[in-house]
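Chain letters run A, B, ... following the sequence lines, proteins first, then strands; residues in each count from 1.
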Amino acid sequence: MPELPEVEHVVRTLRQLLCGDEILDVRVQRAPLIRPMTVAAFRAGVRGRRVEDVRRRAKFILIDLAGGRTILAHLRMTGGFVFAEPAVEPPENSRVVFYLKSGYKLGFTDTRNLGTMKLVRAKELGRLKELQPLGIEPLEPEFTPERLSELLGGSRRSIKEFLLDQTKIAGVGNIYAAEALHRAGISPRRRAATVAKSRERRAALHQSIVETLREAVEIQQTGIPLHLDLLGENIPNGYGPRTEEVFRVYDREGQPCDTCGAPIRRIKQGGRSTYFCARCQR
DNA sequence: AAACTCCCCTGATCGC
DNA sequence: TGCGATCAGGGGAGTT
């Protein structure tokens, strides 16, 4: 369920918490998570290594370790990290727990067991089947209206399905695709190619994608984090709005559109729900 | 290449 | 109330 903004928040927080610390040991409660790697190999590969950086690529979390190894993690639908103070135990249901030299612990929880974690060599990152196909980062400067237009090209797909394609724009998921399209006033059913043809529409979509994601990152930073729990007395946690309280259309079927008052509609596209306002999105 | 289908897994909710 | 069907914000593999 986490999309780019939620993953970005997890990454920024973990970067502060983990960098410079060392992984003393790891307990893998659920082996399939790190498949096809064996637990023994994973353990041997991370033990004694210092965390040098934590980064994001699309919805992937990269934890760079000393010695040219990187933990590549994906939260999928229900994954999340839990960072616990020395005196506090991470949740029982943690699939993986890292024990750090500082005494802190990092747990990985995942109700649906769809999340993944693997250890790779840093120099292989660019060729990984997970990372290689990924498209442009929408919050990087190279994402411009012109670039968006090129990507949209002559695609006959709906613009909503296009936005979910990680090989085009990386990191946008079902929620923020709907939110960005509402903000841009573009119907999710419109063909991608027709957005590319209109200077006005492609500019509006570009701006709405960037603004929607930027604002969502800010809310994650100041609000209640959805995919990262910090356990302990001395760790500041976020307060403020819940992310879902600021959605304009997502999961708001039947409620009035903030812009025009028409009821928000829900349709199916590519097997997934799309929420939109049929009056102000054209 | 794009567009299908099916699959992975668990829990909450829906509809009869 | 009970119970099967459906759905959930993720990606991947295989097919046409």
Can you list, in residue-number order, the parts of residues 117-129 of chain A that come under 4.0 Å of DNA chain C, counting heavy atoms only? A:Lys129
Is there side-chain contact between A:Pro5 and A:Glu215, with at least one heavy-atom pair below 4.5 Å? no
Please determine whether a side-chain nitrogen or oxygen atom of A:Ser273 lies at a distance below 4.0 Å from atom OP1 or OP2 of C:dA8. yes
How long is the line joining CZ of A:Arg112 and P of B:dA12, in whole Å? 12 Å
May I ask which nucleotide in the shown strands pairs with C:dG9, Watson-Crick or G-U wobble, both distances under 3.5 Å? none
Check whether any side-chain N or O of A:Arg76 sits under 4.0 Å from OP1 or OP2 of B:dC8, and answer yes or no. no
Will you find, in the side chains of A:Thr274 and A:Gln269, an N or O donor that is under 3.5 Å from an N or O acceptor? yes
Under a 3.5 Å limit on both distances, the Watson-Crick or wobble mate of B:dC9 is none
Hey, is the side chain of A:Lys160 poking within less than 4.0 Å of OP1 or OP2 on C:dG9, counting only N and O atoms? no
OP1 or OP2 of C:dG9 under 4.0 Å from side-chain N/O of A:Asn174: yes
Over 12 non-hydrogen atoms of neighbours within 6.0 angstrom of CD in A:Glu142: yes
Is the backbone of A:Lys197 close enough, under 3.5 Å, to the side chain of A:Arg201 for a donor and an acceptor to pair up by distance? no
Side-chain donor or acceptor of A:Thr70 paired with backbone N/O of A:Leu62 under 3.5 Å: no
Whole-Å distance separating the OH atom of A:Tyr275 from the P atom of C:dC7: 11 Å
Under 4.0 angstrom between A:Arg266 side-chain N/O and C:dA8 OP1 or OP2: yes
Count the heavy atoms belonging to other residues, nucleotides or ligands that lie under 6.0 Å from CZ of A:Arg265, then report whether that count exceeds 12. no
